[in-house]
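What you see below is based on every heavy atom in this structure, not just the backbone, and it leaves out hydrogens, waters and symmetry mates. Sequence lines set the chain letters: A, B, ... in the order given, protein chains first and strands last, and positions in each chain run from 1.
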Protein chains: 2
Amino acid sequence: MSGIADVARAAGVSKSTASRALTGRGYVSEHTRSRVRDAAERLGYVASTNAASLVTGRTHNIALIVPRVNRWYFGSVIEGVERSLISAGFDLTLFVAEPDSRDRESLYAHFLARKRFDGVLAVALEPDDDDIERLRDYGKPFLHIGNELPGITTLGVDNFVIGRMMTEHLLTLGHTDIAFLGRTPPSEPSARDVDDRSAGYLAAMTEAGLAGSARLEPATLTLPDGYAAAASLLADRTSRPSGIVAACDEIGIGTIIAARRLGIAVPAQLSVVAVDGHDYADMFTLTTIEQDPAAQGEEAVRLLLEQIAGADARPVRHSAPARLVVRASTAPPAHTLAAV
Amino acid sequence: MSGIADVARAAGVSKSTASRALTGRGYVSEHTRSRVRDAAERLGYVASTNAASLVTGRTHNIALIVPRVNRWYFGSVIEGVERSLISAGFDLTLFVAEPDSRDRESLYAHFLARKRFDGVLAVALEPDDDDIERLRDYGKPFLHIGNELPGITTLGVDNFVIGRMMTEHLLTLGHTDIAFLGRTPPSEPSARDVDDRSAGYLAAMTEAGLAGSARLEPATLTLPDGYAAAASLLADRTSRPSGIVAACDEIGIGTIIAARRLGIAVPAQLSVVAVDGHDYADMFTLTTIEQDPAAQGEEAVRLLLEQIAGADARPVRHSAPARLVVRASTAPPAHTLAAV
DNA sequence: TTGAAAGCGGTACCAC
DNA sequence: GTGGTACCGCTTTCAA
């Protein structure tokens with residue numbers, strides 16, 4: 001394990017010259033530079049980031065805070081972030097902690113306080129999250145992937161618009177009895193993204209003069225729970241809606257599976273629209289509003305690195321794209337067809 | 001941002017005494033210790049890990065290398081690792097790189113070479129992976145989560161035994177026409193764990209005198225691909241097996257879905273057994289060999305931290321538990337029932 | 001264009 | 001039990 005002193009000696013120059021040659025900061029003659037480079041190569045020299053950080057204050061390391069790993073959305077974001085970080089020469093330190101959990105507390109008290117990173121990326125923060133202020137006050141570049149948050153730079157899809165788009169898709173097809181499936185159950189911490197989606201749904205229903213028949217059914221954002229919730233919602237054929245707006249693809253897929261098991265034909269007797277663009281959506285021919293969380297992760301890294309490099313750091317909202325992909329889980333309602 | 005010098009001054013002691021009081025190494029009177037602690041608290045002092053690492057050589061950071069994030073098994077491992085790391089006061093640096101990928105190369109050349117960690121955890125390495133030697137030669141504690149590998153400490157389930165258990169479960173129920181679904185397709189890099197599972201299947205079939213009817217059908221380890229492969233395998237009712245051993249739960253679930261769509265009753269007309277203990281297994285009433293990747297991650301951290309603390313580092317194989325959970329996707333084959 | 005020397009923020013040795 | 005001081009490995013003035 002050779003240090004820069006060894007490299008300098010091997011190249012016949014001083015430590016300072018070696019440092020300049022290797023980092024590219026400061027004047028070094030072309031000839032010297034290449035000699036130093038060769039020596040470094042030969043010795044297998046790799047700079048100690050620790051030592052460098054100690055003096056420069058830069059760590060080439062980003063902290064990423066996610067509530068969970070094992071969920072499609074978060075996993076995709078992590079992959080996107082990691083990918084662009086590594087190609088930028090940065091390390092990724094991962095923290096997993098649900099908002100308001102005990103882990104969260106120690107995270108802020110001990111880990112982030114060490115400031116062993118140049119910037120922070122957080123995913124799916126809630127507006128009332130105490131941590132937001134703390135993160136902002138660390139004074140390091142900080143960016144949120146998820147909904148808009150006051151005072152900080154954020155990146156994400158517009159969930160209100162998405163809720164509305166999903167609903168309007170069904171309305172346009174002629175549905176009038178449309179339920180929203182995936183409202184956060186009372187037992188769970190509230191989630192802003194879901195709330196915004198359901199708000200979009202309600203707005204669209206209201207505009208269509210259907211406020212009276214709007215209903216928000218609870219379910220957590222998982223396939224099994226979506227399945228269970230759909231199964232109980234669809235069990236009673238008299239109250240069954242003709243269209244379901246699902247809070248995410250996992251719920252949408254759970255709904256499709258539940259419908260099949262109950263002998264309800266999709267889309268003939270039931271239309272299902274969801275949002276995400278999950279890997280499984282195509283297999284279940286799910287009509288969905290696709291977003292690209294990996295791309296959001298990459299874009300977030302780009303923006304964060306810009307800030308680290310000194311770009312303007314005023315809080316901005318960056319809107320991530322989302323587009324409707326129509327598959328075979330949505331169609332006009334049965335009575336419409338009958339009328340034709 | 002106060003340093004230890006500020007703390008020392010505030011407590012009226014020297015830097016060395018402050019350091020001893022705070023780190024707990026060396027003698028300090030109780031009285032002094034508490035005064036220093038108070039001062040540190042008051043000033044919001046947090047030690048710079050960088051500076052400490054520079055002199056101690058310890059970073060309190062672990063590198064975790066996974067091929068993917070967004071798959072149930074890997075995601076669960078990551079969560080387990082993160083959880084126990086954080087409670088041990090360690091940071092997690094995450095690297096995502098498929099074996100033999102280009103990312104992999106830069107990972108070793110640039111990132112791991114910086115040695116900014118006290119140990120390395122790698123998941124799902126292949127035996128012919130060039131990186132294994134490199135990792136071992138870094139001289140840092142190194143542990144593999146996955147199959148056994150020569151010369152290094154590993155932790156994981158015994159996939160051969162699992163393949164055999166799955167098959168024997170079906171054999172015991174009376175099945176004789178059993179296919180293995182999930183052999184690695186030729187287009188994919190070979191995967192040792194899958195190979196071991198299929199080898200266990202073949203061994204069990206051979207022992208039962210059924211080597212002639214054994215077959216290995218290709219599929220990647222994803223639900224959509226398991227679905228597609230099962231759909232084509234099951235389409236021809238004349239050649240359809242009565243039992244399927246799936247290489248993982250995703251494939252098993254895909255198979256169940258395919259069977260339902262083809263109108264094949266599970267388990268009456270088709271038994272499906274798989275392995276993993278995926279979150280969705282229960283919902284699909286899938287009989288499976290459960291393993292606990294999060295627990296494996298936690299255990300791996302425990303072992304690694306022991307090594308870092310100086311424990312014996314001779315390579316050992318740690319076997320992770322796996323147990324058969326019988327649900328409603330397996331039953332005696334139809335002809336058996338008919339005979340009763 | 002290059003080199004000497006001062007420190008970044010701690011820890012650890014040694015003498016007191 | 002405590003303080004002085006060298007030093008971890010690098011970057012960065014400043015002078016030559």
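With 3.5 Å as the limit, one finds a donor-acceptor pair spanning the side chains of Asn61(A) and Thr93(A). Judged purely by distance below 3.5 Å, without hydrogens or angles, the side chains of Ser16(A) and Ser19(A) never pair a donor atom with an acceptor atom. Side-chain contact annotation: Tyr73(A) with Gln296(A), donor-acceptor N/O pair under 3.5 Å present. Between the side chains of Thr59(A) and Asp118(A), a donor-acceptor pair is found at a separation under 3.5 Å. Between the side chains of Ser84(A) and Ser87(A), not a single donor N or O lies within less than 3.5 Å of an accepting N or O.
What separates CZ of Arg58(A) from C1' of dT12(D) is a distance of 16 Å, to the nearest Å. In this structure, CZ of Arg35(B) is placed 15 Å from P of dG1(D), rounded to the nearest angstrom.
Relative ring orientation between Phe90(B) and His60(B) is described as tilted, the plane-to-plane angle lying within the 30° to 60° band.
Nucleic acid contact class of Thr32(A) (heavy atoms, under 4.0 Å, all strands): sugar-phosphate only.
Using a 4.0 Å cut-off, some side-chain N or O of Ser29(A) falls inside it from OP1 or OP2 of dT2(C).
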Nucleotides 3-16 of chain C: protein proximity per nucleotide (B base, S sugar-phosphate only, - neither; heavy atom, under 4.0 Å): BBB--BBBBBB---
